[in-house]
2 protein chains.
Amino acid sequence: MAATIYDVAKKAGVGIGTVSRAINNSPHINVGTKARILAIANELHYQPHALAQSLARKKTNTIASVVPFFTNYFYVELLKSVQRALSRSHYDLILFSVDRMNRRDRTIDRVLSERRCDGVLIISLGVMDGYAEKFIAAGLPVVLIDHMHQALDSVAIANREGAFAAASHLIGLGHRRIGMINGHLSSYPAKLRLEGFRLALEMHGLDFDDRDLVICDAKAGEHGFNEAAGYAAMQRLIAQSHPLPGALFVASDVQCLGVMRAAKEAGVRIPQDLALVGFDDIEFAKFVGLTTMRQPIAAMGRMAVTRLLKRIEGRENGDFHRELEAELIVRESCGSRQAFHVRTESDTVSQQV
Amino acid sequence: MAATIYDVAKKAGVGIGTVSRAINNSPHINVGTKARILAIANELHYQPHALAQSLARKKTNTIASVVPFFTNYFYVELLKSVQRALSRSHYDLILFSVDRMNRRDRTIDRVLSERRCDGVLIISLGVMDGYAEKFIAAGLPVVLIDHMHQALDSVAIANREGAFAAASHLIGLGHRRIGMINGHLSSYPAKLRLEGFRLALEMHGLDFDDRDLVICDAKAGEHGFNEAAGYAAMQRLIAQSHPLPGALFVASDVQCLGVMRAAKEAGVRIPQDLALVGFDDIEFAKFVGLTTMRQPIAAMGRMAVTRLLKRIEGRENGDFHRELEAELIVRESCGSRQAFHVRTESDTVSQQV
DNA sequence: GCCGCTTCAGGAAGCGCTTCCAAAATATTT
DNA sequence: AAATATTTTGGAAGCGCTTCCTGAAGCGGC
């Protein structure tokens with residue numbers, strides 16, 4: 001159907017090797033010949049067959065991403081930045097989504113064995129030890145995003161430090177009893193956020209009663225990082241911790257929305273009765289006036305891609321474990337007097353009147 | 001590095017053709033031989049090289065999706081359902097994102113020429129006439145999602161009817177003067193929604209003053225479908241239309257959020273002063289109690305994939321233009337007395353107290 | 001005019017598979 | 001037991017490209 005390199009060669013009266021050199025910008029070709037071939041290739045609408053090239057070159061110019069496909073702001077934003085970073089290179093993105101967690105290993109196996117890609121981005125997913133070694137043995141570069149593994153490159157948020165900062169902010173506001181609602185501890189970030197939170201309380205000599213901690217169910221594999229889980233968790237907190245703590249750190253903004261909904265229902269006013277700090281800074285955090293820790297998602301994506309490409313091109317080796325800092329964004333939900341934020345944000349519609 | 005078909009053949013003491021037949025479930029092979037070969041293949045961790053297979057078979061088992069990569073709930077949800085539908089088949093998904101609109105044609109050209117895929121999903125993007133013919137000439141099946149083209153298959157929302165229903169709902173509530181905030185008319189859905197809206201007013205013998213219509217700038221290529229554009233549009237409406245209409249149809253929920261923010265600032269209460277109906281039913285519509293037209297996004301994705309696969313497998317031809325109906329979801333923002341919605345939704349936290 | 005260089009071009013081999021054709025092995029019929 | 005039909009197998013050709021090796025052509029210097 002479409003023109004092949006042979007068609008071009010025949011029409012130009014040259015060998016296929018010469019055509020190949022022409023289209024690949026090889027220096028070993030006469031400039032005149034090259035121009036002539038290129039003209040003819042153009043005329044024939046010739047385009048190299050990507051798969052054939054890959055096979056011959058042993059280079060696919062494709063990178064695979066393994067993503068837990070929950071409809072979550074985090075993953076979209078991340079993918080977007082990955083795409084953007086990639087679009088400046090010559091790599092295509094192929095998407096492997098893991099919807100059921102138990103298929104994770106099978107998916108990763110496929111990525112490994114099919115050799116369709118030059119490198120892999122694994123997002124928010126733990127990697128079993130066996131697999132890390134498989135990747136290394138296969139010589140397939142991997143960068144983990146939002147997760148960690150000793151043997152593999154990774155880019156993640158400084159979760160511990162972020163949680164520490166969130167708690168510290170509440171403490172700085174004068175709160176002495178602070179609760180936490182967290183995702184399920186099978187989630188790596190959830191674990192770290194809890195650690196950071198506890199550390200902050202400790203360092204300020206504050207006690208922590210476990211009744212003030214609610215850990216969401218890991219239902220549906222989302223590790224409890226969704227609105228419904230936050231809603232349920234807040235109801236549980238109200239039930240088990242009486243009176244409520246004056247402040248609450250919630251491990252993610254989506255959960256926070258659920259918390260706000262439950263609070264509203266129970267007549268708990270925010271921030272008057274309960275100061276709230278979230279984590280992520282999703283799009284709607286601004287809308288509801290939520291104080292939160294902003295994740296530099298775009299930077300993570302960009303950084304992971306940059307690193308991966310370097311690895312693929314063999315330009316870099318050695319360990320690579322980057323932790324990016326989350327930034328405290330102060331809005332209304334924590335009841336902070338100082339409004340650090342810019343005007344449009346302070347004008348935000350917030351839940352409490 | 002990895003085992004090839006030759007390695008397996010040698011170790012099993014058979015020819016490569018036999019190995020190929022074994023792993024491809026060909027009926028022309030002795031069951032015993034097949035079992036033996038499979039065992040050896042397994043032992044050698046043999047996995048066929050996907051690219052080599054594709055090249056030999058002239059079949060890539062990959063489908064490409066061209067997506068305008070705005071961080072928008074709509075695209076995520078759609079991609080998710082596409083992925084889910086695809087995961088039941090043996091197709092991989094390769095993502096081509098168009099961030100700058102002017103690169104759209106170039107991206108589509110690449111998809112066409114590289115022959116990396118067996119079919120294409122084009123999401124929310126218009127296709128120039130020349131391209132439709134190119135796809136057809138190349139024998140590359142295409143399904144358009146959220147858009148239309150005479151010559152290509154498509155799956156879209158019944159935008160006109162949806163807008164009609166939204167407007168009708170407001171009219172049914174007793175409103176006689178209804179405004180509209182729309183995305184830029186270069187967007188196909190925006191155009192249709194305006195048509196449906198106008199039609200509803202006409203059919204009820206209501207006048208429409210153009211001052212009650214605000215069309216967002218197409219800034220950043222998002223056709224004005226974002227929160228900031230909605231905010232600006234609402235400010236313009238307040239400025240140019242005095243007194244405000246009692247009801248407002250907004251072409252998308254994200255814009256609605258901006259509208260609510262602007263309304264709040266201007267002291268316009270929702271729904272008391274202004275009844276609001278949106279379009280899309282994004283995740284946060286529920287949270288803010290927004291009445292809206294729900295798009296069956298997941299169904300669109302599923303349907304598009306199903307159709308595409310059928311086309312690829314040559315099981316179906318002929319025209320295919322499916323329009324799915326949007327469903328009216330009544331919440332608080334329209335001030336409707338009848339609450340059709342389920343309990344949890346009526347308990348939603350809403351912007352107005 | 002010959003020699004050694006350099007530059008450029010042709011095309012075979014190879015990437016790892018599928019597929020087809022012909023041949024070998026086995027089964028069935030006479 | 002021979003003849004024929006059927007099942008099973010081997011491996012060459014081909015998918016469309018890159019790459020390498022070889023050789024031709026052009027050049028300056030002697």
Side-chain angles (χ1 to χ4, degrees), chain A residues 1-38 40-41 44-62 90 110 112-118 138-139, chain B residues 1-38 40-41 44-62 90 110 112-118 138-139:
Chain A
M1 190 75 228
T4 74
I5 203 170
Y6 284 91
D7 301 325
V8 178
K10 190 186 287 179
K11 182 145 185 181
V14 299
I16 55 163
T18 308
V19 176
S20 177
R21 277 180 290 259
I23 61 173
N24 289 307
N25 265 306
S26 159
H28 306 298
I29 187 175
N30 178 286
V31 286
T33 328
K34 178 167 166 181
R36 197 162 49 86
I37 291 176
L38 255 25
I40 288 173
L44 256 35
H45 299 296
Y46 169 74
Q47 278 293 128
H49 190 297
L51 261 36
Q53 276 186 320
S54 298
L55 187 60
R57 283 191 187 139
K58 293 162 164 293
K59 178 89 163 55
T60 63
N61 282 301
T62 298
H90 291 287
R110 263 186 67 206
L112 258 167
S113 62
E114 284 191 338
R115 276 154 294 172
R116 255 170 192 257
C117 60
D118 299 331
Chain B
M1 191 74 229
T4 72
I5 202 169
Y6 284 90
D7 301 324
V8 178
K10 190 187 286 175
K11 183 145 186 185
V14 298
I16 54 164
T18 307
V19 175
S20 176
R21 275 180 292 257
I23 60 174
N24 289 306
N25 264 304
S26 159
H28 306 297
I29 186 175
N30 179 284
V31 287
T33 330
K34 180 169 164 179
R36 194 162 49 87
I37 291 175
L38 255 24
I40 288 173
L44 256 38
H45 300 295
Y46 170 74
Q47 278 294 128
H49 190 298
L51 261 37
Q53 276 187 318
S54 298
L55 187 59
R57 283 193 187 138
K58 292 165 165 295
K59 178 84 162 59
T60 62
N61 282 301
T62 297
H90 291 287
R110 264 187 66 206
L112 259 167
S113 61
E114 284 190 340
R115 276 154 294 172
R116 256 171 191 259
C117 60
D118 299 330

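Letters go in sequence order (proteins before strands), and every chain restarts at 1.
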| query | For DNA chain C, whose closest nucleotide is more 5', that of Y46(B) or that of P27(A)? | reply | P27(A)

| query | Relative to the 5' end of DNA chain C, which residue comes earlier, I29(A) or I16(A), by the nucleotide with the nearest heavy atom? | reply | I29(A)

Is the backbone of [Y] close enough, under 3.5 Å, to the side chain of [X] for a donor and an acceptor to pair up by distance?
X	Y	answer
D7(B)	T4(B)	yes
N30(B)	G32(B)	yes
S54(B)	A50(B)	yes
R115(A)	Q47(B)	yes
T60(A)	D118(A)	yes

| message | Whether T4(B) contacts dG16(C) is assessed here as follows: a side-chain N or O lying under 4.0 Å from the phosphate OP1 or OP2. Is that the case? | response | no

| query | Is any side-chain nitrogen or oxygen of T33(A) closer than 4.0 Å to OP1 or OP2 of dC8(C)? | reply | no

Minimum-distance nucleotide (side-chain atoms of [X] versus [options]):
X	options	result
R21(A)	dT18(D), dG11(C), dC17(C)	dG11(C)
S20(A)	dT18(D), dC20(C), dC17(C)	dT18(D)
N30(B)	dT9(D), dT18(D), dG10(C)	dT9(D)

| message | Using a 4.0 Å cut-off on heavy atoms, which residues in residues 48-60 of chain B reach DNA chain D? List them by number, or say none. | response | L55(B), A56(B), K58(B)

| message | Looking at K59(A), I want to see if its NZ is surrounded by more than 12 non-hydrogen atoms of other residues, nucleotides or ligands under 6.0 Å. | response | yes

| request: Mind listing the closest non-hydrogen atom pair of P48(A) and I23(A) along with its distance? | output: CG-CD1, 4.0 Å

Nearest whole angstrom, please: distance from the [atom2] of [N] to the [atom1] of [X].
X	N	atom1	atom2	result
H28(B)	dA23(C)	NE2	P	19 Å
Y6(A)	dT18(D)	OH	P	11 Å
R36(A)	dA9(C)	CZ	P	8 Å
R115(A)	dC15(C)	CZ	P	13 Å
N24(A)	dC20(D)	CG	P	13 Å
N61(A)	dC17(D)	CG	C1'	14 Å
I5(A)	dC15(C)	CD1	C1'	15 Å
K34(B)	dT7(D)	NZ	P	16 Å

| query | Does K10(B) reach the side chain of I5(B), with side-chain heavy atoms less than 4.5 Å apart? | reply | no

| request: Please report the C-alpha distance between R116(A) and T62(B) in whole Å, then the side-chain angles of each, then the deciding distance to 0.1 Å, and finally whether the side chain to side chain contact (heavy atoms under 4.5 Å, CB included) criterion is met. | output: CA-CA 11 Å; R116(A) 255 170 192 257; T62(B) 297; 2.7 Å; yes

| message | Students often get this wrong, so: under 4.0 angstrom with heavy atoms, is G32(B) touching a base, only sugar-phosphate, or nothing? | response | nothing

| remark: Walking DNA chain D from its 5' end, the first of V19(B) and G17(A) to be reached, judged by nearest nucleotide, is V19(B)

| Summary of protein contacts for nucleotides 23-28 of chain D, nucleotide by nucleotide, where a base hit scores B, a sugar-phosphate-only hit scores S (4.0 Å, heavy atoms) | ------

| When rounded to the nearest 0.5 angstrom, what is the spacing between NE2 in H28(B) and NZ in K34(B)? | 11.5 Å

